[in-house]
Student: 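Take a look at the following structure, please.
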Amino acid sequence: MTSSFLAEINRAYQAVHTAKEDAFWVALMGLDTDTAGARTRKEEAELAWNRFLQDPDRIAAVQAALEAAPADDVPALQGWLTTLKAHALADAGARALHEDIVAAEGRLAAARAGMDLGYQAADGFVKASSVKLGMMLKSEKDEALRKAAWEGMRSIEPFVLANGFLDVVRKRNAIARQHGFSDYYAWSTQRTEQLDVDAIFGLLDDLEVATRDAAQRAVDDLVAQHGPDAAKPWNILFLGSGDALAEQDPYFSFADAVDRWGRSFAALGVDYRGAELVLDLVDREGKYSNGFMHGPEVAWRQDGAFKPARIHFTSNAIPGVVGAGFRATNTLFHEGGHAAHFANIDMPAPCFGQEFAPTSPGFCEVQSMFLQSLLTDADWLVRYARDADGTPMPADVIERGVRATQPLEPLLKRAWLAICYGERAIYQIPDEELTAERVLAVLREVEERILPLDGGAWRPVLSVPHLLAGESSAYYHAYVLAEMAVQQTRRFFLGRDGHLVDNPAIGPDLARAYWQPGNSRPFFDYIEALTGSTLTADALAEQLNRTADEAVSTVRDQLGKEPELPRFDGDVDLNATIRIIHGNEDVAELDGDWAAFAARFRDWVNGLA
């Protein structure tokens, strides 16, 4: 039995954490007709959570408890000490400033949510979410409409700059300087990754140098094929993917996305350990414009008994749009991977299982991005991507898709780099020079340096919602570090087992090596413990720099071996309670019969047409 002090800190944290996360879900999903009130309640709950973690007296109390703690309590108390130190602020003035930042972020979020976003068509303005605009850049055949969609995306930047983002940047930098750091980005990465910002960007620099020539070749080849306008940011994704997205679309029915996810994860041996999952998958007005996973109730071991998690995750699929089915599947694998990670944390206090500092954002993204990486493997596609008649995606369709998309791969990852370098550059602008004009000039310089395009990025840096929210600011580098780790993890499993698709060892191995310990270890230690190698950019650079012929050779090798690989023919049992909603509408609930559950979702989606 834990001590009364440890039991109380565990109980008190769970209360503020759950309140914060439930309020977060209601506000960002647009579940309350009183949107202003919902955002106010979210901000109040977030302030209470921050006050709990930033209370200096609580650190002193944990340190005192450690001195007299029985041996069984020491790991949990050490976890609490690490967590509280990761959130500690210098003094009462810093804590007041932090609350001011949270309030300013709330005002910015409310303004962005109320923005009249869309694109200018020939017959007038058309409202559209950033998700819809982004999908138009990939699939809209009319170049004029693609350009209009890109201009719509760019309109987000001056809007947020005029509605509080500059004030947020100044305040974030001010609190970082109070803690002895040059800027907010440097402070934030040290708190969350326990890594020096220069070490992080050293790895990013390695990838930037390694992929520079391949990215330039990709653009040059498209210009040679389609003319100079191919290098325009509103054309590159559409021309770079050729007809691959449209050709593969019939094999990725959105209505079958949930079934595809469940069957594939079950075949990998993924076990959610009794978690309650709530999924909201379709885009709608008033809903946050990016997929995410949050866990209102943390998985942990309480007095020797495992306490399952309650987890929410969301996507922004738009049924009927080309690519919607792949996007939904991709998000289910990504956010479902996050959920598997947090559902499997088995440590003696809830501080180990929450997704904030000292939990590494980069390491969290490894889990989601590793699982979603299967979606482009030829052996996975031939098993799980099927048309309405149940016909598997043909080998020639897979090959054409790889030939079309592989040359673009280095450019896609460099777009991530542009976001990272751009965000860091914003925080390096001196306060007296921090104007909307200076920010936009800096971002255009970064985009044009990293992406060899005529006019900047197809996804403008400040259109990325991560940069606005406190919890995801100074975060985007995590995706790049994670992709490096994903490629090392893939190399490990492929080298040991020969395949990833339907490999039942993957779920248990990830649970043991990556998931169960929670945030008790630094990011890089996990990767080295499983793969035997320290994290580098090498495996990712090798994958990005492959030629189309080399990528097709891998496809043919996978397809040749696929018939001999083990198949999963059992019942789908993810060991979870799953409920699918659409705002306040209940869509489907899993009652033990997976096929019936998947069918209810399928029927609902088909009814939207």
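We number each residue from 1, following the sequence as shown. Because the structure is a prediction, the values reported are computed rather than measured.
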Student: Heavy-atom distance under 4.5 Å between the side chains of Leu204 and Leu481, does that happen here?
Tutor: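 In contact.
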Student: Pick one: which of Leu540, Asp213, Thr211, Leu207 meets side-chain contact (heavy atoms from CB on, under 4.5 Å) with Pro410?
Tutor: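 The residue from Leu540, Asp213, Thr211, Leu207 that satisfies side-chain contact (heavy atoms from CB on, under 4.5 Å) with Pro410 turns out to be Thr211.
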Student: Which residues pass the salt bridge (charged side-chain N to carboxylate O under 4.0 Å, His left out) test with Arg521, sequence neighbours left out?
Tutor: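 Testing Arg521 for salt bridge (charged side-chain N to carboxylate O under 4.0 Å, His left out), a comparison that skips the adjacent residues, returns none.
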Student: Do you know the tightest heavy-atom contact between Leu381 and Leu375?
Tutor: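 That closest heavy-atom pairing would be CD2-O, 3.2 Å.
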Student: Atom CG in Asp221, atom CD in Gln225: separation rounded to 0.5 Å?
Tutor: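 These two atoms lie 6.5 Å from each other.
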Student: Scan for side-chain hydrogen bond (donor to acceptor under 3.5 Å, both in side chains) pairs involving residues 522-534, sequence neighbours excluded, and state none if there are none.
Tutor: none
Student: Is the distance between the ring centroids of Phe24 and Trp49 under 6.0 Å?
Tutor: no
Student: Working to the nearest 0.5 angstrom, can you tell me the gap between Leu374 CG and Leu500 CG?
Tutor: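 Atom-to-atom, Leu374:CG and Leu500:CG are 5.0 Å apart.
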Student: Answer yes when Glu99 and Arg95 have at least one side-chain N-carboxylate O distance shorter than 4.0 Å, and no when they do not.
Tutor: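 Judged by the 4.0 Å cut-off on N to carboxylate O distance, Glu99 and Arg95 do not form a salt bridge.
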Student: On the 0 to 90° scale, with breaks at 30° and 60°, tag the Phe201-Tyr185 ring pair as parallel, tilted or perpendicular.
Tutor: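 Phe201 vs Tyr185 ring planes: perpendicular.
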Student: Considering the options His334, Arg490, Gln487, which one meets the side-chain hydrogen bond (donor to acceptor under 3.5 Å, both in side chains) requirement together with Ser373?
Tutor: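 So, applying the side-chain hydrogen bond (donor to acceptor under 3.5 Å, both in side chains) to Ser373 and each of His334, Arg490, Gln487, only Arg490 qualifies.
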Student: Show the numbers, then the answer: is there a side chain to side chain donor-acceptor pair (under 3.5 Å) between Thr489 and Tyr514?
Tutor: CA-CA 11 Å; Thr489 303; Tyr514 282 178; 3.0 Å; yes
Student: With a 3.5 Å distance limit and no angle check, can you tell me whether Glu447 reaches the backbone of Ala457 through a side-chain donor-acceptor pair?
Tutor: yes
Student: Can a salt bridge be assigned to the pair Arg403 and Asp549 using a cut-off of 4.0 Å between side-chain N and carboxylate O?
Tutor: yes
Student: Establish, yes or no, whether a centroid distance under 6.0 Å links the rings of Phe492 and Phe370.
Tutor: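 No: the rings miss the under 6.0 Å criterion.
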Student: If every non-hydrogen atom of Asn519 is compared with every non-hydrogen atom of Cys351, which pair is closest and at what distance?
Tutor: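 Closest heavy-atom pair between Asn519 and Cys351: ND2-O, 2.9 Å.
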Student: Apply the test salt bridge (Lys or Arg N to Asp or Glu O under 4.0 Å) to residues Glu208 and Arg212: give CA-CA distance (whole Å), side-chain angles for both, the deciding distance (0.1 Å), then the verdict.
Tutor: CA-CA 6 Å; Glu208 191 278 318; Arg212 190 181 298 165; 2.6 Å; yes
Student: For Leu434, is there any backbone N or O sitting under 3.5 Å from a side-chain donor or acceptor partner on Arg170?
Tutor: yes
Student: Can you name the residues that form a side-chain contact (heavy atoms from CB on, under 4.5 Å) with Asp205, not counting sequence neighbours?
Tutor: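 Asp205 satisfies side-chain contact (heavy atoms from CB on, under 4.5 Å) with Tyr421 only.
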Student: Could you tell me whether Asp431 and Arg177 make a salt bridge, using a distance below 4.0 angstrom between a side-chain N and a carboxylate O?
Tutor: yes
Student: Could you tell me if the ring centre of Phe265 sits under 6.0 Å from that of Phe333?
Tutor: yes
Student: Quick test of your reading of the model: are Asp509 and Arg512 salt-bridged, counting only N-O distances below 4.0 Å?
Tutor: yes
Student: So, does Arg414 use its side chain to make a donor-acceptor pair with the main chain of Leu451 at under 3.5 Å?
Tutor: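 Between the backbone of Leu451 and the side chain of Arg414 there is no qualifying donor-acceptor contact (under 3.5 Å).
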Student: Give the C-alpha distance, both sets of side-chain angles, the deciding distance and a yes or no for side chain to side chain donor-acceptor pair (under 3.5 Å) between His98 and Gln54.
Tutor: CA-CA 10 Å; His98 189 270; Gln54 294 165 2; 3.3 Å; yes
Student: Could Arg172 and Glu105 be called an ion pair, given the rule that one side-chain N must be under 4.0 Å from one carboxylate O?
Tutor: yes
Student: What closest approach, in Å, do Thr189 and Ala186 show between heavy atoms, and which atom pair accounts for it?
Tutor: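 Closest heavy-atom pair between Thr189 and Ala186: OG1-O, 3.2 Å.
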Student: Main chain of Ala505, side chain of Asn503: is a donor-acceptor contact present, judged purely on distance under 3.5 Å?
Tutor: yes
Student: Can you find a heavy atom in the side chain of Arg112 that is under 4.5 Å from one in the side chain of Ile156?
Tutor: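 Contact flag for Arg112/Ile156 side chains = yes.
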Student: Nearest 0.5 Å, what's the CG-CD1 distance between Leu108 and Ile101?
Tutor: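 Going from the CG atom of Leu108 to the CD1 atom of Ile101 covers 12.5 Å.
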Student: Okay, side chain of Arg146, backbone of Trp234: is any donor-acceptor separation there less than 3.5 Å?
Tutor: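 A pair under 3.5 Å: yes.
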Student: So His312 and Trp25, would you call those rings parallel, tilted or perpendicular, with 30° and 60° as cut-offs?
Tutor: tilted
Student: If you draw the axis of the six-membered ring of Trp416, does the NZ or CZ of Lys413 fall within 45° of it and under 6.0 Å from the ring centre?
Tutor: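 Yes - Lys413 lies over the ring of Trp416, closer than 6.0 Å to its centre and within 45° of its axis.
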Student: Would you find a donor on one side and an acceptor on the other, under 3.5 Å apart, between the side chain of Asn316 and the backbone of Tyr288?
Tutor: yes
Student: Can you confirm whether Tyr427 sits close enough to Val169 that some side-chain heavy atom of one is under 4.5 Å from a side-chain heavy atom of the other?
Tutor: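 Yes; the side chains approach each other to less than 4.5 Å.
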Student: Determine, for Glu157 against Arg444, whether the closest basic-nitrogen to carboxylate-oxygen distance falls under 4.0 angstrom.
Tutor: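 Looking at Glu157 and Arg444, the cut-off is met.
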Student: Is the shortest side-chain N to carboxylate O distance from Asp167 to Lys171 below 4.0 Å?
Tutor: yes
Student: For His341 and Leu510, indicate whether the former's side chain and the latter's backbone hold a donor-acceptor pair under 3.5 Å.
Tutor: no
Student: Without swapping roles, check the side chain of Glu21 against the backbone of His294 for a donor-acceptor pair under 3.5 Å.
Tutor: no
Student: Any chance you could measure Gln543, atom CD, to Glu409, atom CD, to the nearest 0.5 Å?
Tutor: 5.5 Å
Student: Could you give the distance from CZ (Arg459) to CG (Leu237), rounded to the nearest 0.5 Å?
Tutor: 11.0 Å
Student: side-chain contact (heavy atoms from CB on, under 4.5 Å) for Leu467 and Ile419? Distances and angles first, verdict last.
Tutor: CA-CA 9 Å; Leu467 279 64; Ile419 295 167; 4.1 Å; yes
Student: For the side chain of Asp379 and the backbone of Gln558, is there at least one donor-acceptor N/O pair under 3.5 Å apart?
Tutor: no
Student: Restricting to non-hydrogen atoms, name the atom on Ala94 and the atom on Ile175 that form the minimum distance, rounded to 0.1 Å.
Tutor: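 Shortest heavy-atom contact: O-CD1, 3.5 Å.
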Student: Would you say that Ile345 contacts Val298 through its side chain, given a criterion of any heavy-atom pair below 4.5 Å between the two side chains?
Tutor: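 Not in contact.
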Student: Could you give me the CA-CA distance, side-chain angles and deciding distance for Leu53 and Leu84, then say whether side-chain contact (heavy atoms from CB on, under 4.5 Å) is met?
Tutor: CA-CA 5 Å; Leu53 291 172; Leu84 294 170; 4.0 Å; yes
Student: Determine the minimum heavy-atom distance between Ala482 and Val366, stating which atoms define it.
Tutor: CB-N, 3.6 Å
Student: Under 6.0 Å between ring centres, would you say that holds for His338 and Phe313?
Tutor: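 Judged by ring-centre distance (under 6.0 Å), His338 and Phe313 do not meet the cut-off.
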Student: For the atom pair CZ (Arg438) and CG (Leu161), what is the distance rounded to the nearest 0.5 Å?
Tutor: 13.5 Å
Student: Any chance NZ of Lys287 has more than 12 other-residue heavy atoms, nucleotides or ligands included, within less than 6.0 Å?
Tutor: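 For Lys287, atom NZ is crowded (more than 12 foreign heavy atoms under 6.0 Å).
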Student: Using every non-hydrogen atom in the two residues, find where Tyr184 and Ala474 come nearest and quote the distance to one decimal.
Tutor: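 Scanning both residues completely, I find the closest heavy atoms to be CE2-CB, 4.1 Å.
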Student: Run the numbers on Ile200 and Val480 for side-chain contact (heavy atoms from CB on, under 4.5 Å), then give the verdict.
Tutor: CA-CA 10 Å; Ile200 292 172; Val480 184; over 6 Å; no
Student: Look at the side chain of His87 and the backbone N and O of Ala357, then say whether any donor-acceptor pair between them is shorter than 3.5 Å.
Tutor: yes
Student: Determine, step by step, whether Ser553 and Glu550 satisfy the side chain to side chain donor-acceptor pair (under 3.5 Å) criterion, reporting the C-alpha distance in whole Å, the side-chain angles of both residues, the deciding distance to 0.1 Å, and the verdict.
Tutor: CA-CA 5 Å; Ser553 177; Glu550 289 169 338; over 6 Å; no
Student: Determine whether His226 and Asn235 make a side-chain contact, defined as any pair of heavy atoms from C-beta on separated by less than 4.5 Å.
Tutor: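 No, too far: nothing below the 4.5 Å cut-off.
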